[in-house]
Protein chains: 2
Amino acid sequence: MKQSLFPQHDHDHSDCTSNLMKFADLYCQQAGLRLTKLRRTVLEKVAASHKAIGAYQILDNLAADGQKLAPISVYRSLDFLQEAGLIHRLESTNSYFACQRNFDDDLTNNNPISLNKCSETSPLVFLICDNCGAIGEVEGASIEPLIETVANSEKFKVKHSQLEIKGTCTSCQASS
Amino acid sequence: MKQSLFPQHDHDHSDCTSNLMKFADLYCQQAGLRLTKLRRTVLEKVAASHKAIGAYQILDNLAADGQKLAPISVYRSLDFLQEAGLIHRLESTNSYFACQRNFDDDLTNNNPISLNKCSETSPLVFLICDNCGAIGEVEGASIEPLIETVANSEKFKVKHSQLEIKGTCTSCQASS
DNA sequence: CTGCTATATGAAACAATATTACAATAGTTG
DNA sequence: CAACTATTGTAATATTGTTTCATATAGCAG
Ligand SMILES: [Zn+2]
Ligand SMILES: [Zn+2]
Ligand SMILES: [Zn+2]
Ligand SMILES: [Zn+2]
């Protein structure tokens, strides 16, 4: 059962985070990646909402928790998490959000974790609500052929692509 | 006759710039936009190559010409030029490049200038060579329906979208 | 032309984002 | 344990972009 990319503003987000963290633990373990305490904490901060968060917001956030870090520490964790495909970076706003592609299925069905689920070799497609800040991540498969076509016509060799679509999400349209 | 998005590295770029500046003058005049001396100079700097250039590079560049400006002056000009659709901003690299969509036809055929040629309401699609830095700008029309489809399925109201595709251009593949 | 007004530019300080370089510590392996 | 690699700490610095207020200039009405 397919659920909306944009959860209701008042949904119970604790489910989202617990699933996400559970997935992250399993995924890193199986991929041989070290989700250290710091990296895990940073991921929790990023995953705390469906909005994108800035590096310095995370920094302040951690400071408020009593954990005072230098910017570089946060950036290093963000780099790791991005490499791992657990978070993405919104280029247009210098901010980061947790990858929300449906790992729920894998977890609830006890499927093996798909290691390359969010590999950056497939195109990234994001719907960004400029009202509430929520991000909806779309499976990039549908634009892949189109990108191939464009690239082939120019004999351009594609390594990575990212599509950022800005506008207004359903929830925000309803409450306007 | 359609020419490649990626000109040869050794092409005569003076044609590109003179056409571009001629178009910019006409376009701004007809659109009632004021392409002031400063804005025009900044546009020349941006259009000096098919690569993207950073705001502070432009600043240094102008300083080398004896024109010492504050950052804000450059940013204001860049904002104007972007609003006018004469340049674009690469979000992933905080840099700016001149819009190269074919105005040549209009100029050589004495067609009326199409005022909304590069309106930001249509999707922007860029091919970015990570070797030589050249940008190829693709007519976004082909991905428009796809974006519509994705957005409609989520009842998302699109305002703006930008697709950045990174890889290697033909010229650079040849000389590798 | 003269003064009025809107637009554009100048100048200085500052804010936000990100990186470099090197030291210290923790984890892993033999 | 010793040696090695990966991670984190610390401090300084680089890069990118904005706020604020003052000044200049273009376009226009009288
Ligand atoms: Zn949630
Ligand atoms: Zn919203
Ligand atoms: Zn050229
Ligand atoms: Zn190239």
Can you check the [X] [atom1] to [N] [atom2] distance for me, whole Å?
| X | N | atom1 | atom2 | value |
| --- | --- | --- | --- | --- |
| B:E91 | C:dT17 | CD | P | 14 Å |
| A:L90 | C:dA18 | CG | P | 12 Å |
| A:L78 | D:dT8 | CG | P | 12 Å |
| A:R89 | C:dA18 | CZ | C1' | 9 Å |
| A:L59 | D:dT10 | CG | P | 13 Å |
| B:Q29 | D:dG27 | CD | C1' | 16 Å |
| B:L38 | D:dA24 | CG | P | 17 Å |

Any side-chain heavy-atom pair of A:I128 and A:I165 under 4.5 Å: no
Residues that [X] engages under side chain to side chain donor-acceptor pair (under 3.5 Å), provided they are two or more places apart:
| X | answer |
| --- | --- |
| B:E91 | B:R89 |
| B:T36 | none |
| B:R39 | none |
| A:S92 | A:E164, A:K166 |

Which residues share a ring pair (Phe, Tyr, Trp, His ring centres under 6.0 Å) with A:F156, sequence neighbours left out: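 A:F156: ring pair (Phe, Tyr, Trp, His ring centres under 6.0 Å) contacts with B:F6.
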Test ring pair (Phe, Tyr, Trp, His ring centres under 6.0 Å) applied to B:F126 - qualifying residues, sequence neighbours left out: B:H88, B:F97
A:Q173 (side chain) donor-acceptor with B:K155 (main chain) under 3.5 angstrom: yes
Flag, side chain of A:S73 to backbone of A:L69, donor-acceptor distance under 3.5 Å: no
Can you list, pair by pair, the side-chain donor-acceptor contacts under 3.5 Å of residues 46-63 of chain A, counting residues two or more places apart and other chains?
residue: A:S49; atom: OG; partner: A:K51; partner atom: N; Å: 2.9
residue: A:H50; atom: NE2; partner: A:H11; partner atom: NE2; Å: 3.2
residue: A:H50; atom: NE2; partner: A:H13; partner atom: ND1; Å: 3.1
residue: A:Q57; atom: OE1; partner: A:G54; partner atom: N; Å: 3.0
residue: A:N61; atom: OD1; partner: A:K45; partner atom: NZ; Å: 3.1

Can you tell me if [X] touches the phosphate of [N], counting only side-chain N or O atoms and a distance under 4.0 Å to OP1 or OP2?
| X | N | value |
| --- | --- | --- |
| A:T36 | D:dA6 | no |
| A:N94 | C:dA18 | yes |
| A:R39 | D:dA6 | no |

Terminal axes of the helix from C:dC1-D:dG30 to C:dG30-D:dC1 (five pairs each): angle between them, nearest 10 degrees: 30°
Pull out every protein N or O sitting under 3.5 Å from an N or O of nucleotides 23-29 of chain C, one pair per line with the distance.
none

Shared hydrophobic cluster, A:I72 / A:Y96 (ILVMFWY, side-chain heavy atoms < 4.5 Å):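 A:I72 does not cluster with A:Y96.
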Sugar-phosphate only, base, or nothing, as touched by B:Y96 at under 4.0 Å among non-hydrogen atoms: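 Sugar-phosphate contact only.
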If you look only at distance, which donor and acceptor atoms sit under 3.5 Å apart when one is on a side chain in residues 140-150 of chain A and the other is two or more places apart or in another chain?
residue: A:T149; atom: OG1; partner: A:P145; partner atom: O; Å: 2.8

For B:L5 against B:P7, the heavy-atom pair lying closest together: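 Here B:L5 and B:P7 meet closest at O-CD, 3.2 Å.
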Taking every non-hydrogen atom, the tightest pair across A:A84 and A:L33: CB-CD1, 3.9 Å
Close residues, residues 60-77 of chain A, relative to DNA chain C [heavy-atom separation under 4.0 Å]: A:I72, A:Y75
Strand contacts (DNA chain C) in residues 47-58 of chain A, 4.0 angstrom heavy-atom criterion: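 Hits under 4.0 Å, by residue number: A:Y56.
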